S.K.: 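Dropping the structure in here first, questions after.
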Amino acid sequence: MIVILKKHPDQEKLRALLGGIEALGLKTNYSEGTETTIIGLIGDTTRVDVDAVRANDIVEDVRRVSEPYKKANRRFHPDDSIISVGGVKVGEGFFNVIAGPCSIESEEQLTSIAQEVKRSGATMLRGGAFKPRTSPYSFQGLENEGLRLLLRAREKTGLPIVTEIMSETQLEEFREVDLIQVGARNMQNFRLLKALGTCGKPILLKRGLSSTIEEFLMSAEYIMAGGNDQVILCERGIRTFETAVRNTLDISVVPLIKRLSHLPVIIDPSHAAGIAWMVEPLARTAVAAGADGLMIEVHNNPKAALCDGAQSLTPLQFDGLMRQMRSRVSFEGKQFP
Ligand code: PEP
Ligand code: MN
């Protein structure tokens with residue numbers, strides 16, 4: 001349920017209204033936007049006397065929200081959210097490109113890719129230290145050593161760092177990470193999501209391989225329900241009957257989520273395509289659809305990559321993609337931060 005307030009509500013009446021709602025055992029989510037100010041009610045609202053609330057002279061209207069996600073819902077927060085990641089803004093008006101290798105393999109590899117993607121205009125550096133591989137015999141990542149190398153690459157380039165967490169038991173080791181990634185395979189790891197809800201750090205939540213948009217938003221809600229509003233959503237392709245591509249990029253996520261939620265949405269064309277040459281056309285589609293950014297895998301020697309080489313761009317190809325992006329991003333009315 002949402003309570004829409006009249007402009008410039010009397011502060012004493014507002015406090016009384018909030019107190020009355022909270023006395024019913026409900027939580028309130030206060031959102032002061034540019035156009036409207038809204039109180040979102042979270043919990044069992046059946047005991048709320050809607051007519052009595054509507055009769056309050058600071059209240060414009062009261063509406064029921066049927067969607068199961070509340071804090072992630074645009075009705076609760078009409079303005080777009082802007083998330084700050086290590087000082088870089090993500091969200092309406094800003095277009096970010098997160099780039100880097102699928103997996104961190106060595107200091108030389110990560111440092112050289114980091115410097116090159118920065119030169120081409122990437123705004124954050126990605127790199128997997130803990131890799132969720134289908135086979136237990138595949139390269140699992142450099143683990144804590146990888147995290148250490150990421151911190152060094154940040155020191156050298158100044159780029160905020162993004163890396164995937166696998167379990168809530170790793171939160172202490174991830175305290176220096178600027179943006180914690182939840183991979184597609186962990187989108188419904190509810191214990192992890194709950195722990196991230198209280199970690200106070202921005203989260204990049206990737207859509208599960210076979211998750212609906214509502215399930216995706218409910219996973220964001222898990223994080224937000226714990227008090228962490230800093231969630232960025234990432235579409236990375238879903239499983240369909242099609243086998244010609246690694247996954248099917250569901251571009252409709254962008255306009256749909258922009259309507260349903262206030263959270264920023266970025267696109268990962270690398271995992272969607274699974275093929276390097278297709279990354280650029282999908283990236284163009286993402287910009288045109290109104291995405292807030294991209295996540296692109298870049299490798300200095302894709303043929304020798306320990307993970308996801310087939311979909312990785314060389315730094316030179318990435319530079320070409322970024323040149324393409326510049327004019328298209330400004331055409332869409334957005335800017336690089
Ligand atoms: C990744 O970003 O390297 C990754 C494993 O992505 P996803 O979880 O989308 O498969
Ligand atoms: Mn990958």
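Values below: all heavy atoms of this structure, side chains included; hydrogens, waters and symmetry mates excluded. Counting starts at 1 for both ligands and their atoms, following the listed order. Small disclaimer: the values here were computed from a predicted structure and weren't measured.
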S.K.: Identify the closest protein heavy atom to atom 6 (O) of ligand 1: which residue and atom is it, and at what distance?
M.R.: Lys206 NZ, 2.9 Å
S.K.: Which atoms from ligand 1 have a heavy atom of Arg185 less than 4.0 Å away?
M.R.: 7 (P), 8 (O), 10 (O)
S.K.: Rounded to the nearest 0.5 Å, what separates atom CG in Leu14 from atom OH in Tyr30?
M.R.: 5.0 Å
S.K.: Is the closest N or O pair between Glu297 and ligand 1 shorter than 3.5 Å?
M.R.: yes
S.K.: Would you call Glu297-Arg126 a salt bridge at under 4.0 Å N-O?
M.R.: yes
S.K.: With a 4.0 Å cut-off on heavy atoms, is Gln181 touching ligand 1?
M.R.: yes
S.K.: So, Lys7 and Glu60, do they make that salt bridge, N to O below 4.0 Å?
M.R.: no
S.K.: By number and element, which atoms of ligand 1 are closer than 4.0 Å to a non-hydrogen atom of Lys131?
M.R.: 1 (C), 3 (O), 5 (C)
S.K.: Any N/O of Ala184 closer than 3.5 Å to an N/O of ligand 1?
M.R.: yes
S.K.: Only N/O/S atoms count here: what is the atom of Asp308 closest to the Mn ion (ligand 2) called?
M.R.: OD2
S.K.: Cys102 heavy atoms, cut-off 4.0 Å: which ligand 1 atoms fall inside?
M.R.: 3 (O)
S.K.: Among all protein heavy atoms, pick out the one at the shortest distance from atom 4 (C) of ligand 1; state its residue, atom name and that distance to 0.1 Å.
M.R.: His271 NE2, 3.5 Å
S.K.: Is the shortest side-chain N to carboxylate O distance from Glu107 to Arg152 below 4.0 Å?
M.R.: yes
S.K.: Answer yes or no on whether Arg133 is positioned over the face of Phe139, meaning its NZ or CZ is under 6.0 Å from the six-membered ring centre and within 45° of the axis.
M.R.: no
S.K.: In terms of atom number and element, which parts of ligand 1 are under 4.0 angstrom from non-hydrogen atoms of Gly183?
M.R.: 8 (O)
S.K.: Would you check if there is a donor-acceptor pair between the side chains of Gln115 and Arg119 at a distance under 3.5 Å?
M.R.: no
S.K.: Less than 4.5 Å apart, side chain to side chain, heavy atoms only: is that true for Ile296 and Pro269?
M.R.: yes
S.K.: With respect to atom 2 (O) of ligand 1, which of Arg126, Arg246, Glu164 exhibits the smallest heavy-atom separation?
M.R.: Arg126
S.K.: Of all the N, O or S atoms in Glu297, which one sits nearest to the Mn ion (ligand 2)?
M.R.: OE2
S.K.: To the nearest 10°, how many degrees is the angle Cys102 SG to the Mn ion (ligand 2) to His271 NE2?
M.R.: 170°
S.K.: Is a salt bridge present between Arg207 and Asp250, judged by a nitrogen-to-oxygen distance below 4.0 Å?
M.R.: yes
S.K.: Decide, yes or no, whether a salt bridge links Arg284 with Glu280 under the criterion of side-chain N to carboxylate O below 4.0 Å.
M.R.: yes
S.K.: Give yes or no for whether the N/O distance cutoff of 3.5 Å, strictly under, is met between Arg236 and ligand 1.
M.R.: yes
